[in-house]
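The first residue in the sequence is number 1, and the count goes up from there. Read the numbers this way: they start at 1 and go in the same order the structure lists the ligands and their atoms.
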Amino acid sequence: MKSICVIGAGHVGLVSGACLAELGNKVICADNDARKINVLKEGKMPFYEPGLEEMVYRNVKGGRLSFTVSIEEGVKNSRIIFIAVGTPQKPSGEADLTFVEAVSREIAKSMDGRKIVVEKSTVPVKTGGWIKKLIKLNNNSNSGFDIASNPEFLREGAAIHDFMNPDRIVIGVESKRAAKILTELYKPLNQPIIVTNIETAELIKHASNSFLALKISYINAIANICEKVGADVTKVAEGMGYDKRIGQEFLNAGIGYGGSCFPKDVTAFIKIAEEAGYDFELLKAVQRVNEFQREQIIKKAKSLLWNLRGKTIGILGLAFKPDTDDIREAPSIDIIRQLQREGVKIRAYDPQAMDNARPVLEDVVFCHDPYQVAEGSDALIVVTEWDEFKNLDLLRIKELLKQPVIIDGRNIFDPAGMKKLGFNYKGIGR
Ligand code: NAD
C-alpha cells in the first residue's frame, strides 16, 4: 500500500485516484474547486463516467479514498503526488501551464519529507525540468524529492477500463528510486511498463495523441475521395485494418475528432515542434482535414435541403463522443453555431450532455428524446454515435420529420437500408 495524493479531481485525476485506491493504496484527491469536493464528499459525481460512482463509493467506504480542498493536507499525508490538473490551450496554441505551476509551488511549500512528484497531466516536453526548478526554489523544508512523468492514456467513457487495462504504462524518471516505486505501484495491473527519461515520457503522450488524430484525419481524407469516386469508406477501412501494421482501430470516418484532448494536444505538439525548430507540416494538414469535415456537414445539409434559412434541423448527440457528458471542443458546438449563422433553428438531444450544453449553446430547443427532436425538423444530423441512436424506430422518425432527411455524421446507419425506408440519406464517405 502506498500513500498517494492526486491533485486535480477531474476526468483524469478522479478516475486515477479511484483506481489507485481500488488497487489497495491510500489516496487523497485534492482539488481547489470547493464545489466539486463538496459534491464528492456527498457521494455524488461531478461528471458522468460509467462505473465511477460505484468505485468511488466502495473505496471511500473502505477508507482508502478521501477528498480535500487542501493541497497541503494531501501532500503531507502522501509519498507519491500526482499532478492531474488541466493544461488547456492558450490562444497562441501552446499549452497553458499556469495550473501546473500553481500546484507545483503549493507542493513545494507543503513538503515535509521525501516525495515523488509525478506529472500525469499532458504537458509539453521539458515541463518536468520546470517543475523541478520551481520545487527546489520554493521547498522550505529542504526535503529531497524526485520528479517523474507518467502520462495518462485513458479515454473518457471507458476511463476505468482503460486505467485498469492500459496497453502500456509509461514512466519517465531521473532516479532508480522513483522508477522502482512507480513500477511497484503499477505492477498489479500486469501490463508492459516502459521506463524512460522524463523528456521521452512527456513526448510519448503528444506523439501518441497526435498519431491517433492523424489516423482519424487520414481516414476522413480517404472518405472524401470515396464520395467522389463511388467507393465505400467503411469497406476501405475494413480492408486496410486487417493489415496488422495498420489495425482496425481509429479508422471510422466521420465529422472528425473533438474533445478536451486531441484538438489541444495536436495544436500544442505543433507549437512544441516549432519551438524545437521543426515545422510539423504533417500535423497542420491533420488539423485542416478535421476542420474540413465539420464544414462538409453544412455543405451536405445544403445539398439536401437547398436553402437553410428558416429551416429546422435536429441534432442527435452533443457530447464529443458516446458515454460521456463532456462537450469540450465537441464538433456539435461548431456545427450548431455554423447552422445558426445560416439562419437554421436547432432542436437537440443527448443522453448525458444536455446539462453541460445548455450554458454553452444559445437558442437551442433541448428535447427529451430523439423523437421529440425529429418532430417538425426538416432534417436530422447524427453527431455522436450513442448506442441509443443505433436502435431508433426509424419509421416513427420518418413520420415525425417534415422531410425524410438524415445526415449521418458517424455512419451508424446502413445507406441501402435507409434508402429502402425512403430516407434521403447521406453518410460520410459512402
Ligand atoms: P479536468 O478539467 O476534468 O480536471 C482538472 C481538475 O484540476 C479540475 O477539477 C480543476 O478544478 C483542478 N485544478 C485546477 N487548478 C487546480 C489547483 N491549482 N489546485 C487544485 N486543483 C486544480 O481535466 P482532465 O480532463 O482531467 O485533464 C487533466 C489533464 O489530463 C490534462 O492535461 C489533459 O490533457 C490530460 N488528459 C486528459 C484525458 C481526458 O480524457 N480527459 C486523458 C488523458 C490525459
Query - N/O separation below 3.5 Å, E106 to ligand 1 - result: no
Report task. Record the part of P151 in heavy-atom contact with ligand 1 below 4.0 Å; permitted values are side chain, backbone, both and neither. Result -> neither
Report task. Report yes or no: do S141 and N139 form a side-chain donor-acceptor pair below 3.5 Å? Result -> yes
Query raised in the report: Any nitrogen or oxygen of R328, main chain or side chain, under 3.5 Å from a nitrogen or oxygen of ligand 1?
Result: yes
Report task. Identify, for atom 4 (O) of ligand 1, the protein heavy atom at the shortest distance, and state residue, atom and that distance. Result -> G10 CA, 3.2 Å
Report task. First locate atom CD1 of I80, then atom SG of C5, and finally report the distance between them rounded to the nearest 0.5 Å. Result -> 11.0 Å
Query raised in the report: Which value, rounded to the nearest 0.5 Å, describes the distance between F250 atom CZ and L214 atom CG?
Result: 12.0 Å
Query - Heavy-atom nearest neighbour in the protein, as seen from atom 32 (O) of ligand 1, with distance rounded to 0.1 Å - result: T87 OG1, 2.5 Å
Report task. Measure the distances from the heavy atoms of K264 to every atom of ligand 1 and state whether one is below 4.0 angstrom. Result -> yes
Query raised in the report: For K36, is at least one N or O under 3.5 Å away from an N or O on ligand 1?
Result: yes
Query raised in the report: Looking only at distance, does E156 have an N or O less than 3.5 Å from an N or O of ligand 1?
Result: yes
Query raised in the report: Of the protein's non-hydrogen atoms, which lies at the shortest distance from atom 5 (C) of ligand 1, and what is that distance?
Result: G86 N, 3.6 Å
**Report entry** Exam field: side chain K36 to backbone P46, donor-acceptor pair closer than 3.5 Å
**Finding:** no
Query - Nitrogen or oxygen atoms of E152 and ligand 1 under 3.5 Å apart - result: no
**Report entry** For atom 35 (C) of ligand 1, the protein heavy atom that lies nearest, with its residue and separation
**Finding:** T122 OG1, 3.5 Å
Query raised in the report: Do E227 and K300 sit within salt-bridge range, that is, some charged N less than 4.0 Å from a carboxylate O?
Result: yes
Query raised in the report: Considering only protein heavy atoms, which is closest to atom 29 (C) of ligand 1, and at what distance to one decimal place?
Result: V85 O, 3.4 Å
Requested in this report: Run the salt-bridge test on E119 and K205 with the 4.0 Å N-O cut-off and return the result as yes or no.
Outcome: no
Query raised in the report: Would you say ligand 1 has an N or O under 3.5 Å from any N or O of D33?
Result: no
Query - Salt-bridge present (E94, K271; N to O < 4.0 Å) - result: no
Query raised in the report: Within the structure, does V12 bring an N/O atom to less than 3.5 angstrom of an N/O atom in ligand 1?
Result: yes
Query raised in the report: Which heavy atom of Q293 sits nearest a heavy atom of I255, and at what distance?
Result: CB-O, 3.2 Å
Query raised in the report: Considering only heavy atoms, which of L154, I37, T324 lies nearest to atom 42 (C) of ligand 1?
Result: L154
Report summary line: re atom 3 (O) of ligand 1, the protein heavy-atom contact at minimum distance is H11 ND1, 2.9 Å
**Report entry** Proximity flag I71 to ligand 1, non-hydrogen atoms under 4.0 Å
**Finding:** yes
Query raised in the report: Quick one: nearest non-hydrogen protein atom to atom 20 (C) of ligand 1, plus distance?
Result: N32 N, 3.2 Å
Query raised in the report: For ligand 1, which atoms, with element, lie under 4.0 Å from some heavy atom of C261?
Result: 36 (N), 37 (C), 38 (C), 39 (C), 40 (O), 42 (C)
Report task. Go through ligand 1 atom by atom and flag the ones less than 4.0 Å from a non-hydrogen atom of V103. Result -> 17 (C), 18 (N), 19 (N)
Query raised in the report: Just by distance, with hydrogens left out, do S70 and E72 show a side-chain donor and acceptor under 3.5 Å apart?
Result: no
Query raised in the report: Which heavy atom of the protein is the closest neighbour of atom 6 (C) of ligand 1, given with residue, atom name and distance?
Result: D31 OD2, 3.6 Å
